[in-house]
Amino acid sequence: MAVVVDFIRDSIQQQHEAWDKAILDLTPDQMHFRPNGQGNHIGFIAWHYIRTEDNLVQFVFQHRKPTVWLAGGYDQMFGLPRTAQGTGMPPEEAARMQLPAVEQWMGYQQAVWESTDGWLNAVTEEDLLRNVRIMPFVILR
């Protein structure tokens, strides 16, 4: 099992390092730029990815443990949705979403990285063998 956890940890740490490097020096304009006014901006993609990791590692894999997002009050601090993570969000809403300054955002991002690492330090073979069913939500319009 140690080999599996080491592989997961190494893979996730590489992803975390890539995210840190990718957004650390971006200006607000760069963070929210949409080429040709289409697609999702980097800020939305970062928010979606990191919120998803937070939700999966905390809430799903750890039996409904509160997410870093909610426990740290980041939704209120940043004025962003409390429980949404971008899945199924209409493109217009995603385009309007704005992250705070990179320095503030990195606080949340680093807290998620630390939380994920803490989970990996404590994960058991039973945890890794547990089947987890993830039910995506359906947006009714």
Side-chain angles (χ1 to χ4, degrees), residues 1-2 4-141:
M1 182 187 77
V4 172
V5 173
D6 288 344
F7 174 76
I8 294 168
R9 183 188 326 280
D10 183 58
S11 299
I12 289 175
Q13 284 178 343
Q14 287 180 43
Q15 187 71 22
H16 291 171
E17 289 171 11
W19 273 108
D20 289 345
K21 289 177 186 176
I23 67 172
L24 187 60
D25 296 324
L26 294 181
T27 66
D29 286 342
Q30 291 169 326
M31 182 74 88
H32 299 100
F33 176 73
R34 296 175 62 223
N36 299 319
Q38 298 182 12
N40 294 322
H41 53 73
I42 294 168
F44 175 83
I45 295 167
W47 175 74
H48 174 65
Y49 174 87
I50 295 153
R51 288 278 295 117
T52 300
E53 179 176 323
D54 189 10
N55 281 332
L56 288 172
V57 172
Q58 303 311 309
F59 191 77
V60 175
F61 297 160
Q62 296 185 71
H63 309 281
R64 298 185 171 270
K65 177 181 173 186
T67 61
V68 172
W69 184 254
L70 293 179
Y74 290 100
D75 59 317
Q76 295 172 0
M77 191 181 325
F78 299 157
L80 293 171
R82 179 170 169 74
T83 56
Q85 66 187 50
T87 302
M89 184 178 279
E92 304 78 29
E93 187 177 343
R96 288 190 305 270
M97 200 202 85
Q98 298 284 301
L99 289 187
V102 170
E103 299 79 23
Q104 289 178 292
W105 173 254
M106 291 301 285
Y108 169 63
Q109 188 167 301
Q110 293 304 313
V112 171
W113 299 166
E114 290 170 15
S115 186
T116 296
D117 196 49
W119 173 71
L120 285 168
N121 287 336
V123 74
T124 66
E125 185 172 359
E126 182 180 327
D127 294 328
L128 295 176
L129 293 174
R130 184 170 62 97
N131 287 324
V132 177
R133 185 172 180 199
I134 301 172
M135 299 288 294
F137 68 91
V138 176
I139 298 176
L140 300 175
R141 295 176 205 246

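Just so it is clear, the model here is predicted, and its values are computed rather than measured.
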Run the numbers on Gln13 and Asp117 for side chain to side chain contact (heavy atoms under 4.5 Å, CB included), then give the verdict.
-> CA-CA 9 Å; Gln13 284 178 343; Asp117 196 49; 3.8 Å; yes
So, the side chain of Ser11 versus the backbone of Phe7: is there a donor-acceptor pair under 3.5 Å, distance only?
-> yes
Which atoms form the tightest heavy-atom contact between Tyr74 and Ala111, and what is the distance?
-> OH-CB, 4.0 Å
Working for side chain to side chain contact (heavy atoms under 4.5 Å, CB included), residues Gln15 and Tyr49 = CA-CA 11 Å; Gln15 187 71 22; Tyr49 174 87; 3.0 Å; yes
Would you mind reporting whether Val123 and Ile8 have side-chain heavy atoms less than 4.5 Å apart?
-> no
Okay, side chain of Asp54, backbone of Val68: is any donor-acceptor separation there less than 3.5 Å?
-> yes
Would you find more than 12 non-hydrogen atoms of other residues, nucleotides or ligands less than 6.0 Å from Arg64 atom CZ?
-> no
Test side-chain contact (heavy atoms from CB on, under 4.5 Å), reference Thr52, set Asn55, Leu56, Ile50, output is Leu56
Tell me yes or no: between the side chains of Gln110 and Asp20, is some donor less than 3.5 Å from an acceptor?
-> yes
Verify side chain to side chain contact (heavy atoms under 4.5 Å, CB included) between Gln30 and Ile42, making sure each step is shown before the conclusion.
-> CA-CA 8 Å; Gln30 291 169 326; Ile42 294 168; 5.9 Å; no
Spatial distance of atom CG (Leu24) from atom CE (Met106) [nearest 0.5 Å] = 5.0 Å
In Å, rounded to the nearest 0.5 Å, how long is the span from NE2 of His63 to CZ of Arg130?
-> 4.0 Å
Between atom CD1 of Ile23 and atom CD1 of Ile45, what is the distance when rounded to the nearest 0.5 Å?
-> 11.5 Å
Measuring from His48:NE2 to Thr87:OG1, what's the distance to the nearest 0.5 Å?
-> 4.5 Å
Checking Glu93 side chain against Pro90 main chain: does a donor-acceptor pair fall under 3.5 Å?
-> no
Side-chain donor or acceptor of Arg82 paired with backbone N/O of Gln76 under 3.5 Å | no
Angle class for the His41/Phe44 ring planes (parallel below 30°, perpendicular above 60°, tilted otherwise)?
-> perpendicular
Side-chain heavy-atom pair Phe78, Leu99 within 4.5 angstrom cut-off | no
Tightest non-hydrogen contact, residues Arg34 and Gly39, listed as NE-O, 2.6 Å
Between CH2 on residue Trp47 and CG on residue Asn40, distance to nearest 0.5 Å = 10.5 Å
How about Val112 and Gln58: do any of their side-chain heavy atoms sit closer than 4.5 Å?
-> no
Trp69 and Asp75, any side-chain heavy atoms less than 4.5 Å apart = yes
To the nearest 0.5 Å, atom OG1 of Thr116 lies from atom CD of Glu53 at 3.5 Å
When the ring planes of His16 and Trp113 are compared, do they come out parallel, tilted or perpendicular, using 30° and 60° as the limits?
-> parallel
